[in-house]
Amino acid sequence: MFVHGWSSSGLAELPLIDSAEQIHVAKRTMVIHVRNNGTLKIRGRLNARMRNPIIQVIFDNNRAGEFRNAQWLKTVMRTLHDSYGVTQYNAVGHSMGAYAWTYYNMLVGNNISYPRLNRAVLIAGPYDGIIDNHKSNQPLYPPLSRLWDDYPNENRLNDDGRPAILHPEYRLLMRLAHRFPKQAKVLNIYGDLDDGSDSDGVVTNVSALSLGYLLENRVAAYKTQKNYRTRCAT
């Protein structure tokens, strides 16, 4: 299951999908468009005989924000469970897509009405703030504009991994972290431009690594991977 980020599209996921197909470990079989009203347009097919099928989720409104994205994921995953018999899955999320997967899994936990999470690869997730770069694609009005509330080298992680500054979107995750599926294995990938900002240009290392305080001692496995000169597309 692939989910893109803010102001992005399915094109952002194609290099990852193409790589998986080229080494013959998985194949894209379905694309799910989430319309602006939350209804689904599904192209492709899915059945039990397929080996590692890739499902690509595309939000037609790519600036709805991670909270609405997570709610839309509930519709997507419930449909896959009820109409296609999907009982388990692996998640890949980039940027706000990473936050959306995290929040979604805290909302549904291991509810038997939804597929069960096995593994999650979360890339450049803004869990505790996004850098306010005054970019043209940032939202201008609340509540989404309040998420662009971080600045390079402003925050830090305490010895226990808890960030010193807790932005509202992070406090929300803290309240629900106990519901994240314990059986999941999580890989948290973050980027660093190595330019002194300790960030990928949009998400600070502290914001990305703050996920560890929520999940590291809860899930079956939790690892981080640092990529240099990797910019988030948020």
Side-chain angles (χ1 to χ4, degrees), residues 3-8 12 63 65-67 69-70 91-107 119-135 137-139 142-180 184-234:
V3 170
H4 61 80
W6 170 268
S7 196
S8 187
R63 296 191 181 189
E66 59 265 55
F67 306 127
N69 289 168
V92 179
H94 175 236
S95 183
M96 280 194 178
Y99 187 108
W101 272 130
T102 302
Y103 183 37
Y104 159 81
N105 274 289
M106 291 178 180
L107 290 175
R119 294 178 175 85
V121 178
L122 306 175
I123 306 168
Y127 309 104
D128 190 24
I130 305 170
I131 296 175
D132 185 1
N133 285 321
H134 305 288
K135 294 173 66 175
N137 71 338
Q138 292 182 199
L144 291 180
S145 62
R146 298 193 186 106
L147 301 178
W148 272 255
D149 52 5
D150 199 12
Y151 298 91
N153 302 306
E154 179 184 60
N155 206 352
R156 61 180 175 82
L157 297 178
N158 296 324
D159 291 342
D160 61 356
R162 175 181 168 128
I165 299 173
L166 306 176
H167 294 110
E169 62 273 29
Y170 189 76
R171 292 181 183 275
L172 174 64
L173 297 181
M174 287 182 68
R175 291 196 297 270
L176 297 174
H178 66 281
R179 300 178 60 178
F180 196 94
K185 297 181 179 180
V186 177
L187 174 60
N188 181 12
I189 300 175
Y190 65 104
D192 193 334
L193 294 177
D194 199 23
D195 62 354
S197 69
D198 290 323
S199 76
D200 63 11
V202 177
V203 178
T204 64
N205 296 346
V206 171
S207 182
L209 291 173
S210 65
L211 182 66
Y213 181 75
L214 304 175
L215 300 185
E216 188 169 13
N217 294 322
R218 174 173 178 79
V219 296
Y222 176 85
K223 295 182 180 180
T224 62
Q225 180 175 314
K226 182 177 183 178
N227 285 354
Y228 286 94
R229 301 189 183 280
T230 299
R231 182 179 293 273
C232 172
T234 300

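Both backbone and side-chain heavy atoms feed into the values below; hydrogens, waters and symmetry mates do not. We number each residue from 1, following the sequence as shown.
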Taking the side chain as C-beta and beyond, is there a heavy-atom pair between [X] and [Y] under 4.5 Å?
X    : Y    : result
V219 : F180 : yes
F67  : E169 : yes
D192 : D198 : yes
L176 : Y103 : yes
V121 : R119 : no
P126 : L147 : no

What distance separates [X] [atom1] from [Y] [atom2], expressed to the nearest 0.5 Å?
X    : Y    : atom1 : atom2 : answer
S199 : I130 : OG    : CD1   : 12.5 Å
N155 : S210 : CG    : OG    : 8.0 Å
Y213 : D128 : OH    : CG    : 12.0 Å
I123 : D200 : CD1   : CG    : 11.5 Å
M106 : L214 : CE    : CG    : 5.0 Å
H167 : L172 : NE2   : CG    : 14.5 Å

Legend entry - Test log, rule side-chain contact (heavy atoms from CB on, under 4.5 Å), inputs L211 and T102: CA-CA 9 Å; L211 182 66; T102 302; 3.9 Å; yes
Write down the atom of [X], the atom of [Y], and the distance for their closest heavy-atom approach.
X    : Y    : result
G212 : Y222 : N-OH, 3.2 Å
R218 : R179 : NH2-C, 3.7 Å
V3   : G97  : CG1-CA, 3.7 Å
R171 : L166 : NE-O, 3.2 Å
G65  : W6   : N-CZ3, 3.9 Å
L107 : A70  : CD1-CB, 4.4 Å

Inset, instruction - Check the pair E154 / D149 against side-chain contact (heavy atoms from CB on, under 4.5 Å), numbers first and verdict last. - result: CA-CA 11 Å; E154 179 184 60; D149 52 5; over 6 Å; no
Inset, instruction - Kindly indicate, with the supporting measurements, whether the criterion side-chain contact (heavy atoms from CB on, under 4.5 Å) is fulfilled by V203 and Y190. - result: CA-CA 8 Å; V203 178; Y190 65 104; over 6 Å; no
Inset, instruction - Give a yes or no answer on whether the side chain of R63 reaches the backbone of S7 with a donor-acceptor pair at less than 3.5 Å. - result: no
Inset, instruction - Indicate yes or no for a side-chain donor-acceptor contact from D195 to the backbone of S197 under 3.5 Å, with no hydrogens or angles considered. - result: yes
Inset, instruction - For atom NZ of K223, decide whether the heavy atoms of other residues, nucleotides or ligands shown that lie under 6.0 angstrom number more than 12. - result: no
Legend entry - Verdict with reasoning, V186 to L122, per side-chain contact (heavy atoms from CB on, under 4.5 Å): CA-CA 7 Å; V186 177; L122 306 175; 4.0 Å; yes
Inset, instruction - Show your working on side-chain hydrogen bond (donor to acceptor under 3.5 Å, both in side chains) between S207 and D150 and close with a plain yes or no. - result: CA-CA 8 Å; S207 182; D150 199 12; 4.8 Å; no
Legend entry - Aromatic plane relationship, Y99 with Y127 - under 30° parallel, 30 to 60° tilted, over 60° perpendicular: parallel
